[in-house]
Amino acid sequence: MEDRIILENISKKFYMGYTKDKTALERAVSLFLNRESRKDLVVLNNVSFKIKSGENIGIIGRNGSGKSTLLRVIAGIYIVDSGSVKTNGKLVYLTGFGQGLNPKLTMRENIFLIGSILDLSQRDIRLKFEDIVNFSGLKDFLDTKVYKFSLGMINRLNFSVGIYCLKHSNPDILLLDEVFRSGGDLEFQNKVIKKMEDFIKGGTTVVLVSHDMDLIKRYCTRALWIDCGKILMEGNPLEVVKEYIKSTTNPNSIKIS
């Protein structure tokens, strides 16, 4: 099997408390008053791994451990500070956090907007429009501006557009960032899981970030546990999840080399 994703010694940091666009006078005043200091927050630290065609990889870890940053690095949304990222094949990134929606537009307008971003023609979007709306369960809000939506409604809309665009895109690599929690209620979560099973079991290389350990154990062929931006453990999902859960009850047991 060919390698779909290759990460070699990647590191990524964010700069906190520092504004690059300040004028010379503003920087001088900030330094004089000692009100601004630059702090480097290391989010990924020398991470390396390979993912082969058809593998389903689960990424687990605490909030703030670097999971979503890792997915965005693979997707090319973030540029690494060091190391190299290589992907082989058509890649699609989906997130359960309302990616790409314009809050000033209506639900109807956002369906066409996101569809276009995900490479569908206006004709294709019109053909899929009714299915997208029905799957979301938000038909009564078609002409409501999205800024009036709850977080659950935003996630429903975002995922519903994304899943129907995936059928058109037929990606080689699918990155999923907490999409299985989209929409909040159990009924919609079950609909999401059933839709995603075709991709997870159909030969697409899937990288899944999730806090749902049952999903990781059920669908993934390999799991990566990330903590403080480093891979703490990699291997069989059952074993990795077991050790991760153990660490949540005894945080002192975590050892970062």
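What's counted below: heavy atoms across the whole structure, side chains too, no hydrogens, waters or symmetry copies.
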- Exam field: side chain Asp124 to backbone Leu120, donor-acceptor pair closer than 3.5 Å: no
- Steps toward side chain to side chain contact (heavy atoms under 4.5 Å, CB included) verdict (Val207, Glu55): CA-CA 8 Å; Val207 185; Glu55 278 196 283; over 6 Å; no
- Query: With no hydrogens and no angle check, do the side chains of Asn46 and Ser11 hold a donor and an acceptor under 3.5 Å apart?
  - Reply: no
- Nearest-0.5 Å distance, CD1 of residue Ile60 to CD1 of residue Ile216: 6.5 Å
- Taking Asn110 for the side chain and Leu113 for the main chain, is one N or O donor matched with an acceptor at less than 3.5 Å? no
- Query: Does any non-hydrogen side-chain atom of Asn236 lie less than 4.5 Å from one of Val240?
  - Reply: no
- Query: Ignoring hydrogens and geometry, is there a side-chain-to-backbone donor-acceptor pair from Thr205 to Gly54 under 3.5 Å?
  - Reply: yes
- Could you go step by step and tell me if Leu142 and Thr106 meet the side chain to side chain contact (heavy atoms under 4.5 Å, CB included) rule? CA-CA 7 Å; Leu142 261 178; Thr106 65; over 6 Å; no
- Task: Show your working on side chain to side chain contact (heavy atoms under 4.5 Å, CB included) between Trp225 and Ser247 and close with a plain yes or no.
- Result: CA-CA 11 Å; Trp225 171 15; Ser247 77; 3.3 Å; yes
- For the hydrophobic clusters of this structure (ILVMFWY residues joined by side-chain heavy atoms under 4.5 Å, transitively), does one cluster hold both Leu238 and Met233? no
- Message: I'd like to know whether Leu70 forms a side chain to side chain contact (heavy atoms under 4.5 Å, CB included) with Phe49, so could you lay out the CA-CA distance, the side-chain angles of the two residues, the decisive distance to 0.1 Å, and finally the verdict.
- Response: CA-CA 12 Å; Leu70 179 58; Phe49 60 82; 3.9 Å; yes
- Query: Centroid-to-centroid, Tyr164 to Phe159, below 6.0 Å?
  - Reply: no
- Item | Shortest non-hydrogen contact from Lys13 toward Asp81 | N-OD2, 2.6 Å
- Task: Would you kindly confirm whether Met107 and Tyr147 end up in one hydrophobic cluster when ILVMFWY residues are joined by side chain heavy atoms under 4.5 Å apart?
- Result: no
- Given the rule that I, L, V, M, F, W and Y join up when any side-chain heavy atoms are under 4.5 Å apart, are Ile6 and Val47 in one cluster? no
- Item | Nearest non-hydrogen partners of Val206 and Leu176, listed with the distance | CG1-CD1, 3.9 Å
- Just how far is it from atom CG of Leu44 to atom OG of Ser82, taken to the nearest 0.5 Å? 10.0 Å
- Message: I need the Leu175 CG to Ile57 CD1 distance, nearest 0.5 Å.
- Response: 11.5 Å
- Query: What are the two closest non-hydrogen atoms of Ser160 and Phe188, and how far apart are they?
  - Reply: OG-CZ, 3.9 Å
- Item | Side-chain heavy-atom pair Thr204, Asp172 within 4.5 angstrom cut-off | no
- Query: Does some side-chain heavy atom of Leu138 sit less than 4.5 Å from a side-chain heavy atom of Arg156?
  - Reply: yes
- Item | Glu2/Lys52 salt bridge by N-O under 4.0 Å criterion | no
- Is it true that a side-chain atom of Asp3 and a backbone atom of Ile5 form a donor plus acceptor pair closer than 3.5 Å? no
- Query: Is Asn158 reaching over with its side chain to a backbone N or O of Ile154, donor-acceptor style, under 3.5 angstrom?
  - Reply: no
- Item | Pair Thr221-Asn56, side-chain donor/acceptor within less than 3.5 Å | no
- Query: Should Phe14 and Ile10 be regarded as members of a common hydrophobic cluster, given that ILVMFWY residues are connected when their side-chain heavy atoms come within less than 4.5 Å of each other, either directly or indirectly?
  - Reply: yes
- Message: Less than 4.5 Å apart, side chain to side chain, heavy atoms only: is that true for Val146 and Leu105?
- Response: no
- Message: Could you tell me if the side chain of Leu71 sits less than 4.5 Å from the side chain of Ile77, heavy atoms only?
- Response: no
- Just checking, Lys191 and Phe135: is the charged tip under 6.0 Å from the six-membered ring centre and within 45° of the axis? yes
- Message: Quick check: is Leu91 connected to Val85 through a chain of hydrophobic side chains (ILVMFWY, heavy atoms under 4.5 Å apart)?
- Response: yes
- Do the side chains of Ser48 and Leu7 get nearer than 4.5 Å, heavy atoms only? no
- Output the distance between atom SG (Cys165) and atom CD1 (Ile132), rounded to the nearest 0.5 Å. 5.5 Å
- Roughly how far, to the nearest 0.5 Å, is the CZ atom of Phe112 from the CD1 atom of Ile117? 14.0 Å
- Query: Where do Ala75 and Tyr93 come nearest, in terms of heavy atoms and distance?
  - Reply: CB-CB, 4.0 Å
- Item | Donor-acceptor under 3.5 Å (Arg4 side chain, Asn88 main chain) | yes
- Message: Is any side-chain heavy atom of Thr144 closer than 4.5 Å to one of Phe149?
- Response: yes
- Query: Where the side chain of Lys67 meets the backbone of Arg62, is there a donor-acceptor pair that is under 3.5 Å apart?
  - Reply: yes
- CD/Gln122: more than 12 non-hydrogen atoms of other groups inside 6.0 Å: yes
- Task: Find the distance between CG (Asn45) and CG (Asn9) and round it off to the nearest 0.5 Å.
- Result: 10.5 Å
- Message: Looking at every non-hydrogen atom in both residues, tell me the closest pair between Ile79 and Lys12 and how far apart they are.
- Response: O-NZ, 2.9 Å
- Where Lys50 and Arg222 come nearest, the two heavy atoms and their spacing: O-NH2, 2.7 Å
- Quick one: are Arg108 and Phe129 in side-chain contact, heavy atoms under 4.5 Å? yes
- Glu243 bridged to Lys246 by N-O distance under 4.0 Å: yes
